[in-house]
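Have a look at the structure below before the remarks.
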Amino acid sequence: MHDPKYLRDNLDFIRTSLGRRGQDVAWDAVQKLSDERRTLTTQVEQLRSELKKGSDEVARLRRAKEPAEAAMAAMKGLGDRIKEVEDNLRGVEEALSDLALRIPNLPHQTVPLGSDASDNVEVRRWGTIPSFTAPAKPHWEIGEALGILDFDRAAKIAGARFAVLSGAGARMERALINYMLDLHTGSHGYREVLPPLLVNRRTMTGTGQLPKFEDDLFRLRDEDYFLIPTAEVPVTNLHREEILSEDRLPIRYTAYTPCFRREAGSYGKDTRGLIRLHQFNKVELVAFSTPDRSYEELERLTGHAEFILQSLNLPYRVVTLCTGDMGFSATKTYDIEVWLPSQGQYREISSCSNFESFQARRANIKYRPAGGKKDAKAEFVHTLNGSGLAVGRTLVAILENFQQPDGSVLIPEALHPYMGGIKKIQPWPDGS
RNA sequence: GGAGGGGUGACGGAGCGGUCGAACGUGCCGGUCUUGAAAACCGGAGAUGGGGUAACUCAUCCGCGAGUUCAAAUCUCGCCCCCUCCGCCA
């Protein structure tokens with residue numbers, strides 16, 4: 001959400017800057033409602049001031065044992081008039097905030113202009129792309145042959161876009177989760193959090209999923225709870241309605257959670273395999289920063305996610321998303337894309353973003369600057385987050401990049417301690 | 001699910017329907033005292049929105065929402081959350 005005052009005074013600038021991203025915003029209504037809110041606010045305050053003075057006068061008269069009937073009669077009805085104007089004002093404010101909550105964040109100056117993913121700019125590459133004598137197999141073939149991935153039974157018990165992992169597959173998913181968490185908590189300075197997977201409406205609004213993207217979420221039928229689409233949601237909202245002291249910043253959390261997404265509108269995309277599921281595992285990195293350090297923090301955080309891939313020896317590249325490809329709440333986003341041999345291309349495995357004060361304003365997360373000066377007014381923090389990493393896609397990358405001619409898959413050395421001594425995944429004999 | 005208790009400022013905790021934005025205590029900041037510190041004493045300090053170059057000023061905020069009243073932290077109703085006991089359950 002934008003600063004209401006800034007929004008009111010810079011409507012045209014914001015509108016122009018957003019370009020295509022702001023095309024479905026009702027700009028004229030925003031303008032009109034902003035103006036109305038202002039006049040109604042002034043009106044209410046004047047009436048209230050009048051009422052207050054009148055009431056004080058009544059109190060004074062009665063204390064002085066003087067007749068107060070006239071003063072009371074004069075005030076009669078004022079309250080009702082105030083209520084009327086207030087109802088108006090409330091209506092205007094609700095309408096305005098509903099519209100304002102649907103305005104995307106403005107991109108940072110360093111974000112390249114563009115309309116879609118093809119305009120994203122590659123920042124760097126790491127690792128060597130493996131070469132294969134035979135065509136590289138897709139992970140679902142590898143996994144099914146090894147008996148560690150089962151999409152047919154997943155479809156039976158749940159439906160399309162679900163997967164069952166078993167044996168060494170299940171083990172490796174768990175190994176990756178533990179490995180990532182250990183690294184982020186042990187070496188990168190994050191505090192581990194295990195949050196609820198169901199959250200309320202207020203929380204979903206705080207990070208920007210609501211009101212605009214309700215269709216992307218799974219929602220419970222009988223209660224107003226949503227399944228989280230990412231740990232970003234509960235973890236960022238941890239400090240909702242709080243004022244943090246500056247010396248606590250930056251706060252860095254890492255959280256493993258399953259993530260649930262309806263994937264509405266992505267029919268036909270990545271229908272096979274583990275790439276796009278309704279439920280997947282992710283280890284998330286979340287940071288709360290002072291405004292002056294948030295871009296520095298974005299680089300750090302991205303580096304922490306990259307390090308996982310490096311330590312697993314998986315080739316990847318980092319791209320800066322262009323203005324047209326960025327998410328709703330971000331000012332700047334780096335995508336980390338891992339190499340998938342079967343597709344002959346890099347695919348997203350992490351997305352690291354700075355939201356500046358956009359989420360903080362929605363969720364009311366502030367900090368009080370240190371220094372003991374009298375002007376220590378609370379200000380909004382900057383929030384950031386990134387995947388570190390999407391676990392299922394990491395498994396995909398391992399299966400595909402380290403597949404062997406005999407159908408087995410070599411396990412990266414960093415995972416050996418987490419795999420109970422297994423260094424290679426061999427076919428499960430009876431194939432069940 | 002049943003019964004009861006409670007939600008007030010960073011925290012603890014008061015609050016006859018009318019100088020209550022809110023006593024008091026702790027913590028915090030500044031000062032006096034001290035070689036320094038502690039103690040003691042004095043003073044300061046909330047959030048949001050509007051107006052003003054500024055000193056400042058106006059409005060709102062005592063879980064949330066509605067109602068009663070000239071006037072609500074205080075009275076009434078609904079909702080949310082927390083706690084205790086009982087039942088159920090991993």
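These numbers come from the heavy atoms of this one structure, side chains and all, not from hydrogens, waters or symmetry mates. Note that the coordinates shown come from a computational prediction; the quantities given were computed from them, not determined experimentally. In the text below, chain A, chain B and the rest are named by the order of the sequence lines, each starting its count at 1.
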Exercise for the section: Look at A/Lys282 together with A/Glu284 and state whether they make a salt bridge at an N to O cut-off of under 4.0 Å. Expected result: yes
Problem - Side-chain ion pair, A/Arg262 and A/Asp216, N-O less than 4.0 Å - result: no
Sticking with atom [atom1], work out how far [N] lies from [M], rounded to a whole angstrom.
N     : M     : atom1 : value
B/G1  : B/A73 : C1'   : 33 Å
B/C64 : B/C56 : C1'   : 34 Å
B/C62 : B/A22 : P     : 14 Å
B/U76 : B/A40 : P     : 43 Å
B/G7  : B/G13 : C1'   : 13 Å
B/C80 : B/G21 : P     : 32 Å
B/A3  : B/G78 : P     : 14 Å
B/C83 : B/A90 : C1'   : 23 Å

Ring pair (Phe, Tyr, Trp, His ring centres under 6.0 Å) against [X], all qualifying residues, sequence neighbours excluded:
X        : answer
A/Tyr253 : A/His239
A/His382 : none
A/Phe260 : none
A/His2   : A/Phe358

Between atom [atom1] in [X] and atom [atom2] in [N], what is the gap in whole Å?
X        : N     : atom1 : atom2 : value
A/Glu93  : B/G50 : CD    : P     : 10 Å
A/Leu78  : B/A72 : CG    : P     : 12 Å
A/Glu36  : B/G50 : CD    : P     : 17 Å
A/Gln43  : B/G51 : CD    : C1'   : 16 Å
A/Leu51  : B/U69 : CG    : P     : 14 Å
A/Glu242 : B/C11 : CD    : P     : 10 Å
A/Ile243 : B/G9  : CD1   : P     : 12 Å

Exercise for the section: With sequence neighbours excluded, tell me which residues meet side-chain hydrogen bond (donor to acceptor under 3.5 Å, both in side chains) with A/Asn105. Expected result: none
Exercise for the section: Apply side-chain hydrogen bond (donor to acceptor under 3.5 Å, both in side chains) to A/Thr333 and list each qualifying residue two or more places apart in sequence or on a separate chain. Expected result: A/Ser353
Practice task
Would you mind building the protein contact string for nucleotides 53-63 of chain B? One character per nucleotide, 5' to 3', B for base within reach (heavy atoms under 4.0 Å), S for sugar-phosphate only, - for untouched.
Solution key: -----BSS---
Practice task
Report, as a single string ordered 5' to 3', how protein heavy atoms within less than 4.0 Å touch nucleotides 75-82 of chain B: B base, S sugar-phosphate only, - not at all.
Solution key: --------
Exercise for the section: Answer with yes or no whether the side chains of A/Gln209 and A/Glu214 bring together a donor and an acceptor at under 3.5 Å. Expected result: no
Practice task
Specify the closest pair of heavy atoms between A/Gly407 and A/Leu146, including all atoms of both residues, with the distance to one decimal.
Solution key: O-CD2, 3.4 Å
Exercise for the section: Identify the two heavy atoms, one from A/Val30 and one from A/Leu96, that lie closest to each other, and give their separation to 0.1 Å. Expected result: O-CD1, 3.8 Å
Exercise for the section: Could you tell me which nucleotide pairs with B/C29 by Watson-Crick or G-U wobble geometry, both distances under 3.5 Å, or answer none if nothing does? Expected result: B/G43
Exercise for the section: Name the pairing partner of B/G67, where a pair is Watson-Crick or G-U wobble with both distances under 3.5 Å, or state none. Expected result: B/C75
I'd like a table of atom pairs between the protein and nucleotides 65-68 of chain B - only N or O on both sides, under 3.5 Å - with the distance next to each one.
unit_1 : atom_1 : unit_2  : atom_2 : d
B/A66  : OP1    : A/Arg90 : NH1    : 3.3
B/A66  : OP1    : A/Arg90 : NH2    : 3.2

Considering only nitrogen or oxygen atoms on both sides, find all protein atoms under 3.5 Å from nucleotides 18-20 of chain B and state each distance.
unit_1 : atom_1 : unit_2  : atom_2 : d
B/G18  : O6     : A/Arg62 : NH1    : 2.6
B/G18  : N2     : A/Ser55 : O      : 3.3

Exercise for the section: Scan for salt bridge (charged side-chain N to carboxylate O under 4.0 Å, His left out) pairs involving residues 30-40 of chain A, sequence neighbours excluded, and state none if there are none. Expected result: A/Lys32-A/Glu36, A/Arg37-A/Glu93
Handout entry: Sequence neighbours excluded - ring-ring contact (aromatic ring centres under 6.0 Å, His included) pairs with any residue from residues 66-108 of chain A
Key = A/His108-A/Tyr295
Exercise for the section: Looking only at side-chain atoms of A/Lys5, point me to the closest of B/C70, B/G50, B/U48. Expected result: B/G50
Exercise for the section: For the pair A/His188 and A/His184, name the ring-plane relationship: parallel under 30°, tilted 30 to 60°, perpendicular over 60°. Expected result: tilted
Exercise for the section: Measure from the side-chain N and O atoms of A/Arg191 to the backbone N and O of A/Arg252, and report whether any donor-acceptor pair falls under 3.5 Å. Expected result: no
Handout entry: Side-chain N,O (A/Arg37) to OP1/OP2 (B/G49) below 4.0 Å
Key = no
